[in-house]
Amino acid sequence: MAKHIFVIGGVLSSLGKGIASSSIGLLLKKMGYKVVMQKFDPYLNVDPGTMSPFQHGEVFVTDDGAETDLDLGNYERFIGNPLNKKSNSTSGQIYDTVLKKERHGDYLGKTVQVIPHITDEIKKLITDIGQDCDIVMTEIGGTVGDIESLPFLEAVRQFRMDVGLENCLFIFLTYVPYIKAAGELKTKPTQHATTKLREIGIQPDLLICRSEMPLNEEIEAKISLFTNVQRSRVINAYDVSTIYEVPKVLMKAKIHERICEHLHLRQKNIDFSDWDKIIDNIKNSTDEVEIAVCGKYTEHQDAYKSVGAALTHAAAANRLKLKVKWVDSEKISSKNDIEKQMADVDGILVPGGFGIRGIDGKIAIAGFARENKIPFFGICLGMKIAVIEFTQNVCGLKDSYSSEFIEDCEHPVIHLMEDQKYLEKMGGTMRLGAQPCVLKNGTLAKNIYKKNEISERHRHRYEFNNKYRDIITKNGMQIAGTSPDDLLVEIIEIQEHPFFIAVQYHPEFKSRPDNPHPIFWNS
Ligand code: GLN
């Protein structure tokens with residue numbers, strides 16, 4: 001039977017539960033255990049697919065096409081293994097399942113209630129995901145005290161009783177603020193949050209205390225005393241300059257030893273040298289590379305979480321210090337603007353996105369990169385932008401556009417395919433998840449991937465319009481990758497350019513610190 005670790009948050013949101021969970025997952029994996037990660041999100045949306053990136057940040061897509069919380073991206077990046085749709089459940093999804101069962105008559109006339117029906121469903125998800133692994137790490141979204149997360153906490157409280165103390169560990173992540181005026185680190189919020197957690201029947205087994213600076217012995221002892229958590233299990237996660245250093249901080253505090261002790265797991269040695277090298281590359285590289293990321297969510301960089309991560313991994317692997325220039329494409333109004341903003345950048349990236357806002361700024365930026373031979377990389381919407389710009393300004397199709405933005409434009413070089421139009425009437429048209437792509441010989445893409453066929457994750461509706469294949473190729477834009485049946489264009493490149501490539505998929509989802517994605521890195 002799998003052992004279970006639950007990570008719960010207190011005091012504040014945004015303390016980095018996802019990073020803490022991922023870091024612990026990495027340490028356990030490095031000890032040789034098979035770890036599976038899972039996140040419960042207390043909101044009522046069935047998945048984050050329809051939520052605005054302004055509010056919720058990036059939607060992370062798994063190989064099996066699930067649209068999930070961005071924390072799953074961290075899990076994959078730290079643990080390395082691809083996750084699937086089982087790794088993210090929301091309250092909405094759980095209620096949906098229970099209500100469907102109720103309509104189906106599965107509850108045999110009983111009154112359907114949060115306890116036990118919702119909580120049983122939650123416990124089932126926890127048990128099911130643990131079928132084929134040694135350890136399940138479950139992160140519970142939200143903060144103790146939220147009404148929404150109560151059913152999850154109740155379910156895990158019961159779960160501990162079901163599986164036994166030695167098979168279940170509660171980790172509570174709290175915050176120890178530094179109050180400048182008093183010159184002191186304060187433990188009270190941690191005490192109160194722990195009391196709140198105990199009120200609902202959960203005594204944490206281990207605390208991770210976030211703080212701006214390292215906690216001293218005295219503070220840790222005080223926290224231990226007031227929270228009923230053994231002194232050795234009060235672990236301090238002080239601020240570090242890169243998230244990839246968090247596992248090291250936790251390892252130095254011997255969190256893995258405490259976990260093994262509690263769960264009766266054999267403790268094994270951890271070889272951290274590969275990650276030490278990554279951390280060193282991130283922190284100590286001196287030569288700078290500056291990449292402009294042009295999008296409309298640039299004020300909310302969580303919307304581009306995986307793109308940022310992939311750039312970090314690639315820069316580190318090339319021993320370069322990464323500087324990202326976030327360019328809001330809605331604010332681009334003239335060529336002058338672009339010239340000013342792009343004067344010193346080493347490369348331009350146009351990431352994914354939806355809707356017409358900021359589109360013309362992006363088109364102008366792609367044109368600037370093409371004309372001035374600045375390295376350009378377009379992702380999903382970024383590929384559409386590159387195609388629109390090229391057809392407008394090189395192929396002479398002045399009114400080319402995407403039917404996503406102007407439905408009846410004269411040259412819809414990007415459009416919905418016929419079968420999608422039918423599907424749209426039925427609801428779901430999104431192309432989601434991992435799909436194969438065949439690379440053409442003699443292309444930049446082939447040179448980067450060094451493979452004939454690749455698999456990458458998708459999340460989009462609109463496709464390149466095959467009617468325009470001839471005209472773009474005649475004018476110097478090459479189709480470097482397609483679906484195996486050659487129906488869908490996956491990669492385009494401009495031959496007469498040192499580096500101009502754009503892809504229909506999202507390579508950023510598959511980049512790892514210890515295995516950077518070749519498109520970001522290998523050029
Ligand atoms: N809005 C575009 C589409 O749906 C691109 C989506 C994206 O960039 N992920 O096709």
Side-chain angles (χ1 to χ4, degrees), residues 47-54 56-63 65-68 70 72-73 293-298 300-310 327 329-330 348-363 365-366 376-389 391 400-407 409 412-421 423-424 427-435 437 456-466 468 482-483 487-492 501-511 517 519:
D47 65 41
T50 53
M51 290 162 86
S52 161
F54 286 115
H56 191 261
E58 164 184 283
V59 173
F60 186 80
V61 181
T62 52
D63 276 336
E67 298 180 277
T68 69
L70 55 74
L72 270 79
V293 177
C294 310
K296 70 172 171 187
Y297 314 114
T298 46
H300 305 263
Q301 286 152 22
D302 266 1
Y304 303 116
K305 193 104 194 158
S306 295
V307 169
V327 179
S329 56
E330 280 192 278
I348 295 176
L349 192 157
V350 177
F354 292 80
I356 192 165
R357 276 171 52 194
I359 289 301
D360 290 330
K362 288 182 198 170
I363 294 175
I365 287 168
F376 177 89
F377 179 23
I379 295 178
C380 203
L381 180 66
M383 181 181 110
K384 291 153 199 211
I385 296 289
V387 169
I388 295 169
E389 193 282 322
T391 46
S400 81
Y401 224 44
S402 162
S403 57
E404 176 178 6
F405 314 131
I406 300 180
E407 225 186 313
C409 60
V413 287
I414 306 293
H415 70 156
L416 279 183
M417 299 182 93
E418 280 310 311
D419 56 338
Q420 284 179 298
K421 285 183 193 157
L423 276 172
E424 190 169 46
T429 50
M430 199 77 108
R431 178 144 79 102
L432 284 168
Q435 298 196 358
C437 163
E456 294 280 9
R457 299 180 192 174
H458 294 69
R459 179 172 185 256
H460 68 105
R461 281 196 183 84
Y462 291 81
E463 301 285 352
F464 178 88
N465 184 342
N466 288 328
Y468 295 93
T482 62
S483 54
L487 282 180
L488 304 169
V489 172
E490 293 277 15
I491 309 174
I492 56 97
I501 187 165
V503 299
Q504 181 54 89
Y505 48 82
H506 290 273
E508 70 272 25
F509 292 145
K510 289 178 74 169
S511 183
H517 193 287
I519 284 206

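The model shown is predicted, which means the values in this text are computed figures rather than measured ones. Just follow the structure's listing: the first ligand is 1, and inside any ligand the first atom is 1.
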> Quick check on K384 - does any of its heavy atoms sit under 4.0 Å from an atom of ligand 1?
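So K384 counts as touching ligand 1.
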> If we only count heavy atoms from C-beta on, is the V413 to Y401 side-chain gap below 4.5 Å?
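Not in contact.
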> With a 3.5 Å distance limit and no angle check, can you tell me whether N465 reaches the backbone of P412 through a side-chain donor-acceptor pair?
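Flag set: sc N465 to bb P412 pair under 3.5 Å.
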> Check the side chains of H458 and E490 for a donor-acceptor pair under 3.5 angstrom, ignoring hydrogens and angles.
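Present: a donor and an acceptor within the cut-off.
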> Would you mind listing which atoms of ligand 1 come within a distance below 4.0 Å of any non-hydrogen atom of C380?
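Near C380, the atoms of ligand 1 are 5 (C), 6 (C), 7 (C), 8 (O), 9 (N).
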> Mind checking the CG-OH spacing from L381 to Y462? Nearest 0.5 Å is all I need.
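Spacing of CG (L381) from OH (Y462) equals 11.5 Å.
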> What about G355: any of its N or O atoms under 3.5 Å from an N or O on ligand 1?
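No, there is no polar N/O contact under 3.5 Å.
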> Near G352, which atoms of ligand 1 are under 4.0 Å from a heavy atom of that residue?
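This gives 8 (O) as the contact atoms.
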> Assess the residue pair R459 and E67 against the criterion (salt bridge (Lys or Arg N to Asp or Glu O under 4.0 Å)); give the C-alpha distance rounded to whole Å, side-chain angles, the decisive distance to 0.1 Å, and a yes or no.
CA-CA 9 Å; R459 179 172 185 256; E67 298 180 277; 2.6 Å; yes
> Which part of H506 is near ligand 1, with near meaning a heavy atom under 4.0 Å away: side chain, backbone, both or neither?
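The answer is the side chain.
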> Can you tell me which residue and heavy atom of the protein come closest to atom 2 (C) of ligand 1, and the distance to 0.1 Å?
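Answer for atom 2 (C) of ligand 1: E404 OE1, 3.2 Å.
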> Can you tell me how far the OH atom of Y297 sits from the CG atom of D302, to the nearest 0.5 Å?
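These two atoms lie 13.5 Å from each other.
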> Do H506 and E58 have side-chain N/O donor and acceptor atoms under 3.5 Å apart?
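Short answer, no.
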> Considering only protein heavy atoms, which is closest to atom 4 (O) of ligand 1, and at what distance to one decimal place?
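Of every protein heavy atom, R461 N, 3.0 Å lies nearest to atom 4 (O) of ligand 1.
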> Quick one: which ligand 1 atoms are inside 4.0 Å of a heavy atom on Y462?
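Ligand 1 atoms under the 4.0 Å threshold to Y462: 3 (C), 4 (O), 10 (O).
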> Any idea which protein heavy atom is nearest atom 9 (N) of ligand 1, and the distance to it?
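In this structure, atom 9 (N) of ligand 1 has R459 O, 2.8 Å as its nearest protein heavy atom.
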> Kindly confirm or rule out an N or O of G353 lying under 3.5 angstrom from an N or O of ligand 1.
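Yes; at least one N/O pair falls below 3.5 Å.
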